[in-house]
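Position 1 is the first residue of the sequence, and the numbers go up from there. It should be emphasised that the depicted structure is a prediction, and the values quoted were computed from it without experimental measurement.
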Amino acid sequence: MTNTTDAPARDHRDMNRLMSLMTGAEKHGPAATSTLDVLRVLYDRVLRVTPETVDAPDRDRFLLSKGHGPMAYYAVLAAHGFFGEELLPGFGTYDSPLGHHPDRMLVPGAEIGSGSLGHGLPLAVGSVLGLRAQGLTDPRVWVLIGDAELDEGSNHEALAYAGPAGLEQLHTVVIDNASSSYGRPGGIAARFEVAGWSVASVDGRDHEALYAAFTAPHPGRPRAVVAHVDPKP
């Protein structure tokens, strides 16, 4: 399989329109806007999954661990045809499948239910191990986490395991919007590097820099991309 998808890039103005369809008193608006560029690059140019291949064994898996404030995720899924954009205005309402946290049983294209922080990276590690057990070494597993999630011990355990285990199919994107309570000596990238990961730090709004970081070779090691963003679009 190739490194990229054939999906066309989405117009920025159209993405803004899709985002604007979701309204209400959702307190995690900045959490959504900080992820939009990363999600666009992944779904436009990197992830090998489409509405037609959501159940294919050889698809790439994308896990949104940063599940609070999922408006950008819903907009990108709608833009790529996983569900109709007519669902977007109902975001967060009682009978809408698009909740304030995504539910994998209700949202087409969602691999996990998320929103409770610290679960995504361990689930991604387990997904890679499960694929390996089935002899599926080509599908890639991507997980998007927030910088504050690294305060969770479950993420540190998964991070510490994945490097020495050589989980090359694993890719982690950390959205660093300076929301973490605790700093780390050397920054976020250093925490992954010391555990044996291949690491890049980039501007989280620069699509070409993100694409280059997402597609760089990293034989024998998991990949981490730290995307630095201002939470405002």
Side-chain angles (χ1 to χ4, degrees), residues 28 31-32 34-35 38-39 41-43 46-50 53-74 76-77 82 97-177 179-180 188 191-192 195-199 214 218 221-227:
H28 291 302
S34 67
T35 67
V38 164
L39 290 168
V41 174
L42 284 173
Y43 276 90
V46 178
L47 290 172
R48 301 172 298 189
V49 63
T50 67
T53 62
V54 288
D55 294 318
D58 62 348
R59 74 188 184 280
D60 285 347
R61 277 78 168 166
F62 174 77
L63 282 57
L64 181 70
S65 185
K66 187 179 168 67
H68 51 294
M71 294 90 77
Y73 185 45
Y74 294 155
V76 170
L77 288 176
F82 287 89
L98 307 182
H100 292 305
H101 293 173
D103 184 333
R104 66 175 293 270
M105 302 302 293
L106 300 177
V107 181
E111 293 280 357
I112 61 171
S114 57
S116 181
L117 300 181
H119 295 168
L121 187 53
L123 286 169
V125 167
S127 296
V128 171
L129 294 176
L131 289 168
R132 281 187 172 187
Q134 298 174 73
L136 297 170
T137 58
D138 196 42
R140 300 167 301 187
V141 177
W142 291 79
V143 58
L144 189 154
I145 68 176
D147 56 339
E149 283 192 86
L150 291 177
D151 294 343
E152 300 289 339
S154 52
N155 271 335
H156 281 283
E157 292 175 3
L159 190 161
Y161 172 82
L167 301 187
E168 184 178 343
Q169 290 167 265
L170 177 61
H171 303 74
T172 298
V173 185
V174 183
I175 301 293
D176 182 7
N177 56 12
S179 63
S180 177
I188 292 173
R191 176 65 185 89
F192 284 89
W197 290 57
S198 167
V199 185
F214 292 162
H218 49 96
R221 294 194 291 167
R223 178 70 165 168
V225 177
V226 182

Would you give me the side-chain donor-acceptor pairs under 3.5 Å for residues 102-112, sequence neighbours excluded?
unit_1, atom_1, unit_2, atom_2, d
D103, OD1, M105, N, 2.8
R104, NE, E111, O, 3.2
E111, OE1, R59, NH2, 3.1
E111, OE2, R59, NE, 2.9
E111, OE2, R59, NH2, 3.3

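Sequence neighbours left out, the pairs with a member in residues 160-173 that pass side chain to side chain donor-acceptor pair (under 3.5 Å) are H171-H218.
The minimum heavy-atom distance between L131 and P57, with the atom names listed, is CD2-O, 4.4 Å. What you find for L64 and P70 is that their closest heavy atoms are CD2-CB, 4.4 Å. Residues P164 and A195 come closest through the heavy atom pair CD-O, 3.5 Å. Minimum interatomic distance between N155 and L150 (heavy atoms only, all atoms of both residues): ND2-N, 4.3 Å. Scanning both residues, S34 and K66, for their nearest heavy atoms gives OG-CE, 3.9 Å. Shown here for R48 and D138, the closest heavy-atom pair between the two residues is NH2-O, 2.9 Å.
Looking at H68 and H101, their side chains come closer than 4.5 Å, going by heavy atoms from C-beta outward. When side chains are defined from C-beta on, V76 does not count as touching F82, because their heavy atoms never get closer than 4.5 Å. The shortest distance between side-chain heavy atoms of L144 and S65 does not fall below 4.5 Å. Taking the side chain as every heavy atom from C-beta outward, P139 and R61 approach each other to under 4.5 Å.
For S116, the side-chain contact (heavy atoms from CB on, under 4.5 Å) criterion is met by H119, not counting sequence neighbours. Shown here are the side-chain contact (heavy atoms from CB on, under 4.5 Å) partners of A162, two or more places apart in sequence or in another chain: V125, L167, L170, W197, P222. Residues meeting the side-chain hydrogen bond (donor to acceptor under 3.5 Å, both in side chains) test with T50, sequence neighbours left out: E52, T53. For F62, the ring-ring contact (aromatic ring centres under 6.0 Å, His included) test picks out Y43, Y73, with sequence neighbours left out.
In this structure, CD in E152 is found 12.0 Å from CG in L121, a value given to the nearest 0.5 Å. With values rounded to the nearest 0.5 angstrom, R132 atom CZ is found 13.5 Å from Q134 atom CD. With values rounded to the nearest 0.5 angstrom, I145 atom CD1 is found 7.5 Å from L159 atom CG.
Put simply, the side chain of D176 never gets that close to the backbone of D147: no donor and acceptor are under 3.5 Å apart.
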Begin with the C-alpha distance, continue with both residues' side-chain angles, and end with the deciding distance and a verdict on side chain to side chain contact (heavy atoms under 4.5 Å, CB included) for L63 and V141.
CA-CA 8 Å; L63 282 57; V141 177; 4.3 Å; yes
Does W142 form a side chain to side chain contact (heavy atoms under 4.5 Å, CB included) with V38? I'd like the steps, not just the answer.
CA-CA 12 Å; W142 291 79; V38 164; over 6 Å; no
